[in-house]
Amino acid sequence: MSVSVISVQSVKMVTAIVLLSVFFLSGALAVCQQRTLLFMTAPKKMEALSGSCLQIPCNFTVKSEEELNSTRPTFGVWMKNDKYFANKPHNVIFNSSWMDNIYPMSLTGDLSQQNCTTLFSNLITNYTDRYYFRIENRPFMSTAQCNPLQITVKDSPPRPSIEISGDLKENQSVTITCSAFTPCPHSPPELTWTLQQDPHNKIEENTDGTFTTKIQTTFTLSDEHDGFIITCSARYPVNEGKDFKTAEERTTLSVSHSLRDTSVVINPTDPVSVGSVVNLTCSCRGNPVVNFVWFMTSDGRLEINKVDTQVYGFTVTSSDRGRLYYCGCRNDLDIQLSTGRQLVFEGDQQSGLIGVQVIVKILGIILLVSTLVIFECWFRSRNSTKPMKDAVELDYVNSAFALQPS
C-alpha cells in the first residue's frame, strides 16, 4: 500500500473519530439536560492563585420554577470530583446550612434571586478539582450535573498581557493597555509598567462575570520609541496580604520612522596612506530596513560607485586624494544623504580644512540635486527595465557640479 493511500486513510480515520466524539458528547449533554432539574451558569474553567481567593460568578435556573418555594429555606451546596450526592456524602465540601465547612467557601450571592456567586478563600494547589453546585429547597433538591466547573490552582500567577491599538508609525497616536487576570476582585493585583509613574489601576468585569485589572495610556509615537521595551508587572497579594507573587510581561516597540543621522564612518580612522585598505560604513537610523548607495565626487563630477551595501571597502590610491564620499539611505518613508567625507592622507595638514571648504561650497547642490534626481532615479530604476544611470539626468547633475568653484 502506498504512502499516499495510508495518509488518506489516516485522515479519514481522524475525521471519523472527531465526528463521533462530537456526536457522543452532544448526545450525552442532551441526555443530561433531559434528566436534570437544575442548571448553573458559570465559567466552565477557572484558574486561581494559591494563597489568594477565587470569586466564582454563578447563577442558576430550574426546569420548572414551581419547584422552588421562596417561603422555604434554600441552601447552596458545593461538591467536588463527582456529581452524585446520595452515596458519596464525603464529596460535599460546602453547605450553606452548616456552621463549619470542609473548604473555606462562602455564598455571597442571593439564592432567592437565583444568584449562587461564591467566594473560595485561602486556596491551595490540592483544591484543583471538578466542582458541582447543588440547591436544596426541600422537598426540591437537585444538582447541576450538566454544568461542572473545573478549578485549577497554581503556585505562580499568570503573566499579564500587553495590547497596542493603532499604527506603530512615527507621529501616530497609540493606546497601550496592560491587563492582568483577576481571579479575586477583593484582592486584585497591582499593575506597574515602564511607561509612566503611578499608573491608575482599573478593575473591569468581563462578560462571563470574571474580572480583569488594567492600566492604559495613550501617547504619540516618535523615532525615539523604536526599540523601546515596555515591561508590565502584576503584583498579587497572597496570604491575606502578608506576601506577594509577581508576574511580568514585556514587549518591544517597532516604530516605523523616517531616516535620522545619516553619516559616513571611516575605518581605520585618518590619516591613511596609499596602498592601505579602508572601509567606509554608512550609518543611519530608520525603520523599516534601509537600502544604501554610495556616491563619489571626482573632478567635479558625481558618480554612483556602490549600491546595496552598507560597507564600502577599497584600496587607497593617489587618485583618491581630494575626493568626497557620500552615502545615501532610503526606506519606505524617507530619503537622506550624508555630508561628504574626505580621506586625510599622511602628511596633509590642511586636507581636513580643504575638505570642509569644499563641503560648504557644494553641499547645497548635493542635497538638492543629487538627492532629488540621482538617488531617486537610481531607486526607481532598480525596480524597472530602465538603465540605472539615465544619461540626461546625470549630465544635468554633473553640469551643476562643474559650475562650482574649485
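These values consider heavy atoms only, across backbone and side chains, with no hydrogens, waters or symmetry-generated copies.
Between W294 and Y326, a ring centre-to-centre spacing not shorter than 6.0 Å is recorded. Residues Y236 and F244 place their aromatic rings such that the two centres sit no closer than 6.0 Å. When ring centroids are compared, F314 and Y312 come within the 6.0 Å threshold.
E204 and K214 are joined by a salt bridge, as a carboxylate oxygen and a charged side-chain nitrogen come within less than 4.0 angstrom of each other. Salt-bridge annotation for E303 and R301: absent, with no side-chain N of the basic residue lying under 4.0 Å from a carboxylate O of the acidic one. Salt bridge annotation for E170-R260: present, with a cationic side-chain nitrogen under 4.0 angstrom from a carboxylate oxygen.
Within a 6.0 Å radius of CD in E224, no more than 12 heavy atoms belonging to other residues, nucleotides or ligands are found.
Looking only at atom types and distance, the side chain of N171 has no donor-acceptor partner in the side chain of T220 under 3.5 Å away.
Between C327 and C284, the gamma sulfurs sit at a distance of 2.5 angstrom or greater.
Y127 pairs with exactly one of Y103, W78, F94 by the ring-ring contact (aromatic ring centres under 6.0 Å, His included) rule, that one being Y103.
With hydrogens and angles ignored, the 3.5 Å screen pairs a side-chain donor or acceptor of D320 with a backbone N or O of T317. Judged by distance alone, with hydrogens and angles left aside, the side-chain atoms of T74 form no donor-acceptor pair with the main-chain N or O of N137 at under 3.5 Å.
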